[in-house]
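Both backbone and side-chain heavy atoms feed into the values below; hydrogens, waters and symmetry mates do not. Only a predicted model underlies this, so the values are computations on that prediction, with no experimental measurement involved.
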Amino acid sequence: IAPHDHLWLIRLSDIVYDYHEDIIQKMNSIFAGMSTLSNVNIVLILHNRVSETDEALELYIGVSSGDKRYLESAREKIARSLRGQFPGFKQIECDNAQAQEFLERAWVEEVDGCAISSVSVDAVQRESEGTGFVQGLEKLADSMRGRPYTLAVVATPVERKIGDES
């Protein structure tokens, strides 16, 4: 199965928002809206390309599913959510060939090291514990300036059962 057949990506070329707005809350609203869809993952990819003369951070957001039937409704929902939260954003939609080319380029480029990590987070539990300080992806991007990297975040909505106290 080719990954691009089960993945829809857009490249965000510009995001416009008021500095005084809570961007974390805006992103949480987008992800919360997507959590109602079953069989769909939310994908966020940061890819920093560095050459001797240039550096460019590419930000992609999208959806993936093992069942292609779910992609169209998920694609429409995430696009509407992005427009609602960030009315001035500009996007470049990737067709299957562009998504495949990006994935090959992002993970084939040579880097000094490679690390793969997995983190499991229960947002409801974190909110109830009062974790008020959250670092945004912009802090990560700033700290990695000048170094090539690809960061992929795949979020799978988890159904919370009533009465579940875990």
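Side-chain contact between His6 and Tyr70 is absent, with no heavy-atom pair separated by less than 4.5 Å. Two residues are said to be in side-chain contact when any heavy atoms from C-beta on lie closer than 4.5 Å; Arg147 and Asn48 fail this criterion. Here the side chains of Phe102 and Arg11 are not in contact, with every heavy-atom distance at 4.5 Å or above. Residues Tyr149 and Leu46 have side chains in contact (heavy-atom distance under 4.5 Å, counting atoms from C-beta outward). Taking 4.5 Å as the limit, some side-chain heavy atom of Ile10 sits within range of a side-chain heavy atom of Leu12. With contacts defined as side-chain heavy-atom distances shorter than 4.5 Å, the pair Gln98/Glu101 does not qualify.
Side chain of Lys77 to main chain of Gly33: a donor-acceptor pair is present (N/O by atom type, distance under 3.5 Å, no hydrogens or angles). Checking side-chain atoms of Lys90 against main-chain N and O of Ser13 turns up no donor-acceptor pair under 3.5 Å. In terms of modelled atom types and a separation under 3.5 Å, the side chain of Ser65 and the main chain of Leu71 share no donor-acceptor contact.
Linking ILVMFWY side-chain heavy atoms closer than 4.5 Å, directly or via other members, places Val153 and Leu57 in a single hydrophobic cluster. Cluster membership for Ile92 and Ile61, using ILVMFWY side-chain heavy atoms within less than 4.5 angstrom, is not shared. Under the 4.5 Å side-chain heavy-atom criterion for Ile, Leu, Val, Met, Phe, Trp and Tyr, Met144 and Leu151 are members of the same hydrophobic cluster.
Remark: Glu55 does not engage Arg145 in a salt bridge, criterion side-chain N to carboxylate O under 4.0 Å.
Among all heavy-atom pairs drawn from Ala99 and Cys94, the shortest one is N-CB, 4.1 Å. Between Pro87 and Gly84, the shortest heavy-atom distance links the atoms CD-O, 4.2 Å.
Checking Val40, Val43, Leu37, Ile30 one by one against Ile78, the side chain to side chain contact (heavy atoms under 4.5 Å, CB included) holds for a single residue, Ile30.
Looking at Trp8 and Glu72, their side chains never bring a donor and an acceptor atom within 3.5 Å of each other.
To the nearest 0.5 angstrom, Met27 atom CE is 10.0 Å from Ser81 atom OG. Rounding to the nearest 0.5 angstrom, the gap separating the CD atom in Gln85 from the CZ atom in Arg80 is 13.0 Å.
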Check your understanding: Between Leu44 and Leu59, is a side-chain contact (heavy atoms from CB on, under 4.5 Å) present by the stated rule, with each step listed?
Key -> CA-CA 7 Å; Leu44 182 67; Leu59 173 61; 3.5 Å; yes
